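Everything numeric in this text was worked out from a predicted model, so none of it was measured. Every chain is numbered from 1 and lettered A, B, ... according to where its sequence line falls, protein lines coming before strand lines.
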Amino acid sequence: MSYFAGEYDIAVIGAGHAGIEAALAGARLGCRTVVFTINMDAVGNCPCNPSIGGTAKGHLVREIDALGGEMGKTADECMLQMRMLNRGKGPAVHSLRAQIDRRKYSEVMKHKLEIQKNLELHQAEVVAVKKDGEKWQLETRMGALYRFSAVIIATGTYLGGRIFVGEVSYESGPDGIFPATFLGQSLKDLGLSLRRFKTGTPARVLRSSIDFSELEEQCGDEPVVPFSYDTVDLPENKVTCHISWTNDKTKQIILDNISRSPLYSGMIHGVGPRYCPSIEDKIVRFADKPRHQLFIEPCGENTEEMYLQGMSSSLPEEVQLQFYHSIKGLENAVMMRCAYAIEYDCVDPLQMNNTLEFIDHPGLYGAGQFNGSSGYEEAAAQGLVAGINAALKIKGREQIVLDRAGSYIGTLIDDLVTKGVNDPYRMMTSRSEYRLILRQDNADERLTPIGRRIGLISDERYDRFLKKQQLKSQELNRLKTTVIAPNDKVNELIVSRETSPITTGVRLIDLMKRPQLSYEALKEIDHTRPDLDPNIFEQIEIEVKYEGYISKQLAQVEQMRRMESKPLPADMDYTTISGLRLEAQEKLNKVHPTNLGQASRISGVSPADIGVLVIWLSR
Amino acid sequence: MNDLINRTTIAAISTPMGTGGISVIRISGSKAVEIADSIFRSAGGKSLSQLSGYSALFGKIFDGAGPIDEAVVTVFRAPHSYTGEDVVEISCHGGMYVTNRILRIVLNSGAEAAQAGEFTQRAFLNGKIDLTESEAVMDIISAKGRAAARSALNIKEGRLSREIERVRSLLVDEAAHLSAWADYPEEDIPEVSSSTLEQNLNKAFDSLSKLLRSYDSGKAVKQGIDTLIIGKPNVGKSTLMNFLAGTQKSIVTDIPGTTRDMIEETVVMGSAVLILSDTAGMRETDDPVEQIGVEMVRRRLKSCALALVMFDASRPLDKNDLELLEVLSDTPSIAVINKTDLEILADINKIKQSASRFVYISAETGEGIDNLIGAVEELTGAAEFDENAAVLSNERQYQCASKAADSVKEALMAVSSGITLDAVTVLIEEAIQYLLELTGERASEEIVHSVFSKFCVGK
């Protein structure tokens with residue numbers, strides 16, 4: 001029995017971090033949008049760590065916010081502790097990370113979806129996606145039939161989800177929610193090629209059963225730096241985390257039971273992430289490491305559940321209890337939820353182009369773990385781009401492609417759709433060749449103008465942005481024109497910082513170029529300094545001190561962008577270009593790059609092949 | 001499209017190697033004249049920049065130490081040149097060693113080693129080659145690209161490559177450590193100390209400098225076209241080898257002591273100089289020793305410039321022959337059908353279908369050898385055959401190593417100036433990327449891979 005439930009613009013399948021951004025962007029850009037979630041109480045769920053951000057991920061959150069996405073704002077609202085990681089290692093790798101209240105996060109996000117104009121949130125399992133002329137037809141388990149112009153698949157670990165704990169295995173989504181059982185077949189029928197990936201999560205234990213007395217405590221940073229450029233009321237640090245270590249006993253328990261891990265017994269076929277190994281993986285692969293670190297993190301303000309970061313496992317529950325109890329502080333820990341591994345279906349992202357639309361299926365988009373990535377932030381970033389592009393397409397506007405030189409989001413998507421993935425993809429600063437310009441401090445400069453053009457940045461926010469840019473350029477100008485005359489006080493200060501005194505007048509900007517002299521240090525001799533947002537001082541200082549490196553990267557960017565400005569036809573059959581080597585023909589046909597720059601990044605496409613393409617294009 | 005190409009000035013040797021009395025090094029691009037002027041002093045004291053197009057000066061080529069060779073240098077002004085850009089051609093005294101040295105000086109003075117088919121590509125993009133010939137241009141670029149890839153594989157086995165590999169792995173280790181330390185700040189990754197970092201960077205810099213000082217491209221490159229004779233056992237490979245080498249034992253080499261494999265002979269065949277290698281018979285075998293030999297031939301096939309693929313006319317084709325037919329499509333090659341003095345039992349048409357060039361010979365009697373020489377001349381004389389690929393691959397590798405050394409030096413300076421390690425990491429990655437350039441791999445992937453294999457990171 002089925003019935004017609006209505007026609008809308010955009011369907012978003014899944015209300016996780018990708019689905020949320022996709023749906024909000026679509027609705028905010030004026031498209032009538034429906035979000036389908038298998039469980040209304042799992043919107044914006046964080047089934048793994050109770051934190052948002054971290055290295056490179058913090059960059060993504062900043063970028064999402066700069067474009068007009070939601071993750072940063074909600075993370076600020078639900079923050080329990082904030083840290084700026086990597087201070088001292090250089091501005092390119094500074095990254096924000098927030099511990100968050102995961103239930104509150106879910107609730108806030110759900111409410112934001114509920115009150116968003118143009119947006120409906122439905123609890124339903126989508127069982128089929130079919131072409132319906134130029135449109136797409138969706139069917140739910142209850143037999144509701146919908147028609148959409150665009151569909152965004154953001155199924156996370158729900159699609160064909162299967163949980164493993166030791167010898168026990170059953171079909172399930174995360175956190176005991178039921179999985180999407182039928183959709184996978186429907187997608188295969190469309191011709192999408194699916195594969196199995198796996199990931200895992202550690203146990204949650206009862207706070208009052210942990211002995212914190214001998215554990216190292218980790219506090220938040222003061223003052224708190226928020227993710228969002230919109231957050232004015234600075235949130236406060238409310239909780240602390242703790243650090244403990246595994247030991248020989250832990251190792252022995254795990255090794256004694258390793259054959260009972262589904263990973264080692266061969267039950268799991270999915271490919272797990274290299275960077276997120278389970279504790280048994282770490283112990284087997286890094287056998288000479290005497291101990292492994294774990295973090296004990298609170299899951300929220302109104303819960304006693306504590307997350308054991310670093311200790312994910314798929315060993316049997318009884319073994320888990322044994323090895324958790326071997327760890328200092330956890331000797332009497334009460335396990336509230338056991339650790340598990342989860343295997344799920346995802347798509348080969350080479351089938352998409354940089355807009356996240358499937359090359360062979362106009363109007364069909366993918367985002368998040370479905371695309372082979374891992375992590376809340378990676379998912380949200382893709383969801384935002386997929387949502388924006390679905391809406392732009394429906395409105396008859398040109399879709400956007402964020403490039404590698406402009407953002408981590410662009411780097412992430414380009415890596416996925418150009419190189420493909422063999423295991424779940426996590427963002428890292430080392431993945432960006434332009435990381436000295438893709439900093440978390442300048443995300444607004446890089447992306448807010450783009451967000452504004454798309455239509456996701458309000459007048460008020462944009463004015464604020466412009467004002468900030470104006471203040472920044474005034475201040476930069478002041479540094480260039482203010483000359484500091486040599487005198488005893490000035491030189492006393494300069495020499496105290498172990499750098500050579502000045503004998504003639506020196507521009508402020510030249511003093512600041514010296515590594516030893518910071519903005520802060522020059523304060524006493526800089527009498528005309530205006531009172532500005534610390535973020536402006538920070539940005540200027542970075543730009544001045546790293547000028548040489550930044551301009552070098554900008555030159556590389558220019559070269560890359562020249563290549564990227566040469567479009568390749570979308571429907572090209574590369575086997576018809578006889579000058580290309582066979583391997584290049586195959587790879588190009590598989591990836592279908594949108595421009596020469598992307599083509600040059602495909603492994604198996606040589607400079608000579610690019611030479612052939614250049615000639616072919618110029619005919 | 002033009003904006004993609006005309007930014008750099010490129011150079012390469014544009015005459016066949018080893019033969020003829022004159023070699024020509026061609027430089028093309030906006031800085032061609034400037035670069036040539038910086039290494040050339042004319043007999044009359046006039047500089048090249050004073051010349052109009054289509055004119056030449058006689059004089060000497062200099063490197064830092066002194067004069068290298070006499071040369072006639074011809075200037076072509078854009079757009080009246082082969083590529084449509086400013087072009088300078090340095091004609092010098094033919095010898096391989098001197099020619100390579102001059103190319104090196106040109107490259108050190110600011111030119112880039114030309115990519116495969118790049119002169120032709122520029123000529124086309126600048127409208128110097130008729131649009132209707134674009135197919136042919138693509139074929140040339142493609143064939144030269146293949147030749148470059150083959151020679152890159154070839155030099156991968158060389159000493160320079162091994163040394164570069166060592167430095168690269170040292171730098172990848174360092175970059176992976178820095179990356180793990182930055183990307184996983186809360187894992188117990190050992191702190192990167194700037195003194196160890198400096199030590200390792202110094203080590204890398206010293207290795208690269210030593211390498212660059214001692215490297216002699218003239219000796220690294222074999223003089224002539226790297227040619228394999230292959231075929232199943234008893235097809236007549238050695239007979240052909242002996243015939244060609246025995247009757248024409250005119251080894252032309254101006255480099256003493258060039259080491260060769262045992263069964264290699266340098267042979268002049270008409271206008272072409274071949275370095276001919278006899279190989280083990282290709283056949284399926286269970287004998288482990290023979291298997292090693294056959295595997296070696298397969299590997300060499302991927303890097304050789306030319307293959308003479310022999311078939312026995314007097315026996316029906318078997319599956320070993322069929323495997324060889326596939327070689328014909330992948331490698332610049334000539335099918336040589338031997339033993340035509342005997343009764344013909346092989347399916348000659350099948351060979352003809354796979355081979356674009358084939359000749360009949362009798363290695364025993366010498367009959368048909370002229371046809372073989374003709375075919376070799378024709379193939380090696382064709383526009384798409386790039387016999388300088390090996391020189392250029394070597395030069396490019398040298399230049400890459402040299403740029404990498406610069407990046408490492410810059411990284412060292414950055415460390416000592418106290419700049420944060422994120423900037424240093426970027427410079428180390430730049431060096432790695434230069435060292436990977438010839439194989440087309442990407443530094444970031446190498447490093448990410450190394451992070452996960454060496455460090456126990458993750459939640």
Side-chain angles (χ1 to χ4, degrees), chain A residues 48-49 55-56 85-86 88-93 95 202 273-277 282 285-286 289 291-293 295 309-310 312 419 428-433 435-436 515-516 545-546 549 553 559 562-563 565-566 577-581 596 601 603 606-609 611-612 614-619, chain B residues 1-5 7 115-118 121 124-125 131 134-135 137-146 148-149 175-176 179 181-188 414 417-427 429 433 440-445 447-449 451-453 455-459:
Chain A
C48 203
N49 50 322
T55 48
L85 306 175
N86 280 337
K89 294 183 189 175
V93 294
S95 286
R274 285 175 294 177
Y275 54 82
C276 183
K282 294 186 198 179
R285 284 185 49 213
F286 297 92
K289 237 182 142 202
R291 57 179 203 165
H292 297 268
Q293 188 176 226
F295 289 83
Q309 199 224 96
S312 87
K419 297 171 190 164
M428 297 164 71
T429 57
S430 7
R431 298 204 196 258
S432 169
E433 57 275 51
R435 78 189 81 118
L436 290 178
Q516 302 88 343
K545 287 213 190 302
Y546 293 81
Y549 304 99
Q553 296 219 312
Q559 198 183 350
R562 274 205 301 276
M563 293 280 283
S565 70
K566 306 295 174 199
I577 304 179
S578 64
L580 295 172
R581 291 168 315 115
L596 264 189
R601 289 192 291 275
S603 70
S606 71
D609 294 318
V612 168
V614 167
I615 300 292
W616 184 83
L617 278 175
S618 65
R619 289 188 313 175
Chain B
M1 282 303 138
N2 292 17
D3 54 336
L4 285 183
I5 49 154
R7 315 255 161 171
Q115 294 289 338
E118 200 174 355
Q121 183 184 11
F124 180 84
L125 294 176
L131 274 174
S134 63
E135 291 291 334
V137 172
M138 283 193 275
D139 285 345
I140 289 174
I141 293 174
S142 163
K144 293 200 171 184
R146 272 173 248 229
S179 296
W181 177 71
D183 273 318
Y184 292 94
E186 297 191 322
E187 305 284 343
D188 54 338
S417 80
I419 202 90
T420 49
L421 292 180
D422 53 348
V424 178
T425 314
V426 167
L427 292 167
E429 283 173 21
Q433 192 59 64
E441 291 150 279
R442 296 201 144 247
S444 66
E445 277 151 45
I447 294 163
V448 167
H449 181 75
V451 167
F452 293 135
S453 59
F455 297 96
C456 182
V457 289
K459 53 190 184 181

Check whether B:A414 gets within reach of chain A through its side chain, its backbone, both or neither, counting any heavy atom under 4.5 Å. both
Between NZ on residue A:K289 and NZ on residue A:K282, distance to nearest 0.5 Å: 7.5 Å
Per-residue tally against chain B (heavy atom, under 4.5 Å) across A:S95, A:S578, A:P91 peaks at A:P91
Does any heavy atom of chain B fall under 4.5 Å from the side chain of A:T429, the backbone, both, or neither of them? both
For A:S432, which residues count as a side chain to side chain donor-acceptor pair (under 3.5 Å) partner, sequence neighbours excluded? none
Heavy-atom pair of closest approach, residues B:D422 and A:A92: OD2-N, 2.8 Å
Can you list the steps and then say if B:S179 with A:M428 is a side chain to side chain contact (heavy atoms under 4.5 Å, CB included)? CA-CA 9 Å; B:S179 296; A:M428 297 164 71; 5.5 Å; no
So for A:K419, is it side chain, backbone, both, or neither that comes closer than 4.5 Å to the heavy atoms of chain B? side chain
Please report the interatomic distance CD(A:Q553) to CZ(A:R435), rounded to the nearest 0.5 Å. 8.0 Å
One option among A:Q516, A:H292, A:R601 has the most heavy-atom pairs under 4.5 Å with chain B, and it is A:R601
State which residues pass side chain to side chain contact (heavy atoms under 4.5 Å, CB included) with B:S417; sequence neighbours excluded, sorted by chain then number. B:I419
Measure A:K89 against the heavy atoms of chain B and call it side chain, backbone, both or neither at under 4.5 Å. both
Which residue out of B:A175, B:A423, B:A176 racks up the most heavy-atom pairs below 4.5 Å with chain A? B:A423
Tell me, for A:P202 versus chain B, whether the close heavy atoms (under 4.5 Å) come from the side chain, the backbone, both or neither. neither
What part of A:S430 lies closer than 4.5 angstrom to a heavy atom of chain B: side chain, backbone, both or neither? both
Could you walk me through whether B:W181 and B:L421 pass the side chain to side chain contact (heavy atoms under 4.5 Å, CB included) test, one step at a time? CA-CA 10 Å; B:W181 177 71; B:L421 292 180; 3.6 Å; yes
